[in-house]
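Beneath this line is the structure, given in structure tokens, with notes to follow.
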Amino acid sequence: MEYRFNEIEQKWQGKWKENKVYRVSNDSSKPKYYVLDMFPYPSGAGLHVGHPMGYIASDIYSRYKRLKGFNVLHPMGYDSFGLPAEQYALETGQHPSVTTEKNISTFRGQLDKIGFSYDWDREVRTSEPDYYRWTQWIFLQIFDSWYNRISNKAERIASLLKIFESEGNKHHVCPGDKAYQFSAEQWKLFTDKEKQEILMEYRLSFSAYGEVNWCEALGTVLANDEVVNGVSERGGHLVEKKKMRQWYLRITEYADRLLEGLERIEFSDAMKEMQKNWIGKSQGAEMDFAIKNFSTPLRVYTTRPDTIYGVDFMVVAPEHELVSQITSANQKDEIEKYLTYVKSRSERERLAEVKQITGCFTGAYAINPFDGREIPIWIAEYVLAGYGTGAIMAVPCGDQRDFGFARHFNIPITNIIGEHFTGEAANPTKEAILHHSGFLNGLMMKDAIGVAINKLEEMGIGTRKVNFRMRDAGFSRQRYWGEPFPIIWSDGIALPLDAAELPLELPHVATYGPGPDGEGPLANISDWVNLQDKKSARRETSTMPGYAGSSWYFLRYMDPKNQNAFCDKKASDYWGQVDIYIGGTEHAVGHLLYSRMWTKILFDLGYIGHDEPFKKLLNQGMIQGSSRFVFRVRNTNIFLSSNRIGTAMSEDEKSSTGLTSLSSEVDQIHVDVNMVDGVELDLEQFKKWKNGEFAAAQFILDQGKYICGVETEKMSKSKYNTVNPDVLVDKFGADTFRMYEMFLGPVEQSKPWDSKGIEGVHRFLRKLWRLFYDDLKGKVWNDEKPTDAELKVLHRTIKKIEEDTERFSFNTAVSSFMICVNELAEMKCHKKEILEPLLLLLSPYAPHISEELCSLLGSTISPALGDSKGSVYPVFNPALLVESSKEYPVSINGKVRTNIVISLDASQADVEQIILQNEVIQKWLEGNAPKKIIYVKNKMVNVVI
RNA sequence: ACUCGGGUGGUGGAACUGGUAGACACGCAGGACUUAAAAUCCUGUUCGCUGUAAGGCGAGUGUGGGUUCAACUCCCAUCCCGAGUACCA
């Protein structure tokens with residue numbers, strides 16, 4: 001009986017599905033455990049081998065936890081709103097819901113083949129009205145909230161109204177527009193519209209004017225990705241910044257809590273670092289510098305007010321409103337020229353190219369308030385208008401970028417840190433004693449910061465200021481395929497829909513092109529937009545961005561069918577946080593920050609009982625593609641094997657190709673990796689590829705073979721380096737595929753895909769099978785009693801697999817299984833008592849073969865089902881592994897020279913005696929006494945001579 | 001430029017708290033079985049020198065230093081590769 005994986009896998013997948021084996025209940029006496037994958041966007045390209053990497057890891061962990069007696073929530077769904085489906089609709093006229101549906105069923109088919117243990121009854125799709133109804137509902141709750149900085153949480157707008165009516169806003173500075181200041185009496189006198197405008201400045205989701213990428217020629221707003229070098233990616237039309245009404249989430253109000261929360265969750269240090277940097281909290285001061293012959297002061301933000309005497313110039317963002325006013329007559333042309341230059345550069349260019357220093361002097365001077373020095377004011381692209389005040393004070397002796405700027409433009413540098421400054425490079429230290437610094441002289445810089453701020457405040461020209469670099473999150477898109485806003489605009493006031501009116505379904509549109517004035521496609525449906533019963537009332541026509549639906553999906557899984565709430569509090573209290581969340585790092589500052597914010601809002605409003613969604617995050621590495629290339633001599637049909645480029649030609653080659661040398665220019669062309677075996681190209685397949693585009697190809701070979709070029713790149717269709725999991729699953733089976741993906745290396749590590757090792761894993765499973773059934777002899781397993789040696793092998797494996805699974809070291813776990821099976825095969829051990837526990841250990845990794853063999857053994861336990869009562873996971877018995885002696889490596893001066901078996905309870909003296917009698921050691925000692933003998937119990941012995 | 005990862009045999013990787021570097025696999029080479037192939041099994045496989053052999057000696061985890069009885073692991077410097085980024089004052 002041989003290992004027929006296709007039959008076995010189909011059979012068990014069918015049974016699991018039929019019996020809904022992986023359905024999980026919200027009501028269980030077992031402890032809960034929540035294992036979550038980042039749900040995929042169902043793209044038209046289908047699944048490639050990179051996708052299942054994380055899914056397999058999470059599936060192994062889920063199955064493991066189930067066997068350990070946990071009630072495991074392990075769901076899957078689709079993040080099914082998004083731009084690609086809409087662009088496809090624009091090209092083909094197919095409704096996005098149709099293509100989305102189709103893509104989902106492709107994905108599902110591919111996922112099913114791999115044998116995942118998802119509870120598909122809990123599937124969610126963000127584009128289903130049943131789901132986005134609640135996305136809209138949550139949006140309305142956010143809209144109806146403001147952030148109370150005193151209680152430090154989100155509260156209802158009603159509570160804000162009460163405060164305004166009793167005391168105005170004196171205790172609650174307006175986060176949107178700080179200019180708003182009013183008493184209770186004044187509040188009561190405002191018109192309804194004025195009141196609504198003020199409330200909007202407090203709301204956690206709010207509407208305001210913001211800049212978008214506007215393409216006049218296309219009549220539409222473009223995403224950053226669609227803009228290349230200042231023109232539209234499609235068509236190359238001019239793109240400019242345009243102010244439009246947008247929705248935002250006031251995530252800045254949560255900045256501190258988002259930072260604080262990081263302390264309580266298990267994210268990698270790198271991930272926490274990324275989020276911290278994004279939030280970018282800094283402590284410093286805002287201060288005003290008078291400008292010579294000008295009434296308005298220049299306000300700068302600095303984290304280092306201690307360096308005030310080292311300021312040699314000012315840099316203002318080119319967009320700063322003062323620039324045009326302060327520029328002197330003789331600098332005007334220069335400044336104009338520079339502004340034109342800056343405008344021509346996209347933000348990306350401004351940020352990426354730092355080697356060349358650019359800037360322009362305005363002709364104006366600021367006055368140092370302490371020593372009256374005149375400080376030249378420059379503009380430069382490295383200062384951004386959006387951060388701080390859009391102006392900085394430059395201290396070249398302490399800041400490397402300021403130093404470079406001063407050098408480049410020959411601005412004299414003042415040294416305020418004595419010998420800490422060499423004149424060769426800036427020194428950003430805070431540990432230096434200040435020189436040439438007036439009232440700060442002699443102070444340690446870090447102590448001077450506070451002193452300087454106090455002085456500024458006393459003089460009324462500066463204040464202590466905490467800055468965040470994070471900005472509020474744009475929340476609207478001028479698109480069709482997203483959640484419509486449950487908002488009606490009437491006389492400039494945004495009116496929320498009643499919860500009973502949800503879902504506000506996406507209406508069908510005739511075309512997916514933009515509406516008038518840059519509005520989204522929805523603006524074209526006047527029946528839908530304009531409400532008959534209310535004159536001048538108009539629906540919001542933009543839709544929500546991709547991250548809306550993904551900011552809370554982990555909650556819907558807990559209670560996916562609920563028609564009365566997004567998730568019953570009982571359900572969210574039962575499941576609580578996601579215990580382990582698996583996905584890539586690309587969401588570091590998007591999804592992972594937004595979902596944390598939404599969770600905090602829902603917590604503040606009392607809808608859920610926890611304020612961090614993910615207890616632990618595991619970042620899977622990216623699977624890169626390994627691309628293959630052929631090299632074509634330019635303007636010919638002659639292809640050179642990679643190692644023949646520039647080599648000498650044989651006479652035969654010369655006559656058959658008509659070439660005289662191989663050193664002419666070659667073009668590198670991607671070829672489909674599936675027609676390359678390792679690096680050797682299959683010439684016949686190549687000639688047939690792309691409908692015979694290369695049918696007439698001639699080859700210059702190396703020893704009869706065509707060797708391709710190799711490069712590691714992102715896996716992508718256009719690079720012909722994608723590998724479809726289906727092909728591998730069909731050929732080797734899901735169990736082999738699962739184990740091979742894990743065997744490739746650590747899950748966290750990025751690595752190029754290579755299918756060539758998969759046979760080794762397949763061989764392992766067949767070898768396992770032969771412990772039970774021989775191809776010729778049939779059944780070979782038996783009920784004999786195991787020996788101590790066999791038990792030792794088993795229990796060593798139990799220990800290793802459990803440890804490795806717990807720390808997500810799946811690659812080493814697979815290798816331990818191999819070692820175990822190799823050893824059992826060598827011992828000719830076919831005993832059920834050994835093999836049955838081994839199958840349970842293996843079942844999270846290779847569920848189908850384990851289930852089949854268990855059932856063939858007549859086992860009472862199904863690895864897929866586990867046990868309703870508790871853990872069926874094999875228990876490690878340490879007593880079986882106890883040894884009385886160990887073969888110690890004995891080294892001389894750290895270099896191993898021999899191995900000696902020594903009893904484990906030997907003392908230092910015992911060991912020294914044994915060692916010194918050893919022949920090899922004596923040879924090295926040459927009759928001398930050792931200086932020292934180091935004996936580390938259970939590790940090694942080192943003799944120092 | 002900054003931040004975060006990472007450099008170990010022909011290849012993917014292992015070595016978890018400093019304690020036998022190269023587990024496990026791929027590939028390769030040789031052999032057994034077979035008419036042949038597949039499958040399976042066995043042997044070898046870091047490099048160099050040496051030995052008929054068992055073995056021995058030396059080098060070795062990007063590079064150069066350092067700490068230590070002992071370094072892939074810790075420290076300093078440096079080079080290279082990958083990913084991310086909003087030049088954040």
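Below, chains carry the letters A, B, ... as their sequence lines are ordered, and counting in each starts from 1.
- In this structure, B:G55 forms a base pair with B:U50, meeting either the Watson-Crick or the G-U wobble geometry with both donor-acceptor distances under 3.5 Å.
- Backbone-only engagement by A:M818 is indicated by non-hydrogen atom pairs under 4.0 Å involving sugar-phosphate atoms exclusively.
- Atom P of B:G60 sits at a distance of 10 Å from the matching atom of B:C72, rounded to the whole Å.
- Distance, A:F732 CZ to B:C26 P: 12 Å, rounded to whole Å.
- Here the OG1 atom belonging to A:T252 is positioned 3.5 Å from the CG atom belonging to A:D472, to the nearest 0.5 angstrom.
- Between the C1' atom of B:U40 and the CD atom of A:E759 lies a distance of 14 Å, rounded to the nearest Å.
- Close to B:C4, at under 4.0 Å from its OP1 or OP2, lies no side-chain N or O of A:N619.
- Here the side chain of A:W924 is nearest to one of B:G58, B:A14, B:A89, namely B:G58.
- Only the P atoms considered, B:G13 is 33 Å distant from B:C88, to the nearest whole Å.
- Remark: P of B:A89 and CD1 of A:I377 are 22 Å apart, rounded to the nearest angstrom.
- Among the atoms of the strands shown, none is found under 4.0 Å from any heavy atom of A:D754.
- Taking NZ from A:K276 and CG from A:D269, the interatomic distance works out to 7.5 Å, rounded to the nearest 0.5 Å.
- Taking the six-membered ring for Trp, A:F313 and A:F405 have ring centres closer than 6.0 Å.
- Taking atom NZ of residue A:K932 and atom P of nucleotide B:G19, one finds them 18 Å apart after rounding to whole Å.
- Heavy atoms of A:S809 sit nowhere under 4.0 angstrom from any nucleic acid atom.
- The neighbour count for A:R299 CZ, taken as heavy atoms of other residues, nucleotides or ligands under 6.0 Å away, does not exceed 12.
- Residue A:T812 is the one, among A:T812 and A:G894, whose nearest nucleotide of RNA chain B lies closer to the 5' end (criterion: closest heavy atom).
- Listed nucleotides B:U40, B:A14, B:C69 differ in distance to A:R763; the shortest reach to its side chain belongs to B:U40.
- In textbook terms, a nucleotide whose glycosidic angle is within 90° of 0 is syn, and B:G9 is one such case.
- Side-chain atoms of A:V896 lie closest to B:A21 of the nucleotides B:C69, B:A21, B:C24.
- For A:Q749, a side-chain nitrogen or oxygen approaches OP1 or OP2 of B:G13 to under 4.0 Å.
- Going from the C1' atom of B:G56 to that of B:G66 covers 32 Å, rounded to whole Å.
- Residue contacts shown for A:L744 are limited to sugar-phosphate atoms, with no base heavy atom under 4.0 Å away.
- Between A:R897 and the phosphate of B:U20, there is no side-chain N or O to OP1/OP2 separation shorter than 4.0 Å.
- Counting non-hydrogen atoms under 4.0 angstrom, A:K800 reaches a base of the nucleic acid.
- The partner of B:C41 is B:G31, judged by Watson-Crick or G-U wobble contacts that both fall below 3.5 Å.
- One distance of note links CZ of A:F764 with OG of A:S815; it measures 10.0 Å at 0.5 Å rounding.
- Using N1 to N3 plus N6-O4 or O6-N4 for Watson-Crick, or N1-O2 and O6-N3 for G-U wobble, each under 3.5 Å, B:G22 pairs with nothing.
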- Item | Evaluation steps, salt bridge (charged side-chain N to carboxylate O under 4.0 Å, His left out), between A:K792 and A:E823 | CA-CA 11 Å; A:K792 201 176 254 182; A:E823 286 177 349; over 6 Å; no

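- Here the separation of B:U63 from B:U8, taken at their P atoms, is 10 Å to the nearest Å.
- Side-chain proximity of A:R770 to B:C69, B:A15, B:C41: nearest is B:C41.
- Using the Watson-Crick or G-U wobble rule with both distances under 3.5 Å, B:C72 pairs with nothing in any strand shown.
- Looking at the side chain of A:T302, the nearest of the listed nucleotides B:A89, B:G13, B:G19 is B:A89.
- In this entry B:G13 has no Watson-Crick or G-U wobble partner, no candidate having both defining distances under 3.5 Å.
- Checking B:C69, B:A89, B:C4 against every side-chain atom of A:A270, the shortest atom distance belongs to B:C4.
- The interatomic distance linking A:N893 (CG) with B:A71 (P) rounds to 11 Å, in whole Å.
- The side chain of A:T303 has B:A89 as its nearest neighbour among B:A89, B:U3, B:C24.
- Distance from the side chain of A:E273 is smallest to B:C4 among B:G19, B:C57, B:C4.
- Separation of the P atoms belonging to B:G5 and B:C76 is 14 Å when rounded to the nearest angstrom.
- Contact annotation: A:N811 side-chain N/O to B:A14 OP1/OP2 distance is under 4.0 Å.
- Of the candidates B:G19, B:C24, B:C16, B:C24 carries the atom nearest the A:N822 side chain, counting heavy atoms from C-beta on.
- Between A:F409 and A:W378, the ring-plane angle classifies as tilted under the 30° and 60° cut-offs.
- In this structure, the CZ atom of A:R471 is 9 Å from the C1' atom of B:C88, given to the nearest Å.
- Atom CD1 of A:I798 and atom OG of A:S816 lie 12.5 Å apart (nearest 0.5 Å).
- B:C81 sits 47 Å from B:C33 when the C1' atoms are compared, rounded to a whole Å.
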- Task: Decide side-chain contact (heavy atoms from CB on, under 4.5 Å) for A:N619 and A:E748; before the verdict, give the C-alpha distance in whole Å, the side-chain angles of both, and the deciding distance to 0.1 Å.
- Result: CA-CA 6 Å; A:N619 285 122; A:E748 298 98 320; 5.6 Å; no

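- Between the CD atom of A:Q275 and the C1' atom of B:G84 there is a distance of 14 Å, given to the nearest Å.
- The same atom, C1', is picked in B:A25 and in B:A14; the two are 11 Å apart, to the nearest Å.
- RNA chain B is contacted by both A:M622 and A:K281; A:M622 maps to the nucleotide lying nearer its 5′ end (nearest heavy atom per residue).
- Here, B:U34 and B:G44 have their C1' atoms 24 Å apart, quoted to the whole Å.
- Put simply, A:R766 has a side-chain N or O that comes within less than 4.0 Å of OP1 or OP2 on B:U40.
- Rounded to whole Å, atom C1' of B:A15 lies 12 Å from atom CG of A:D804.
- Base pairing analysis places B:A1 opposite B:U85; the two distances defining the Watson-Crick or G-U wobble pair are each below 3.5 Å.
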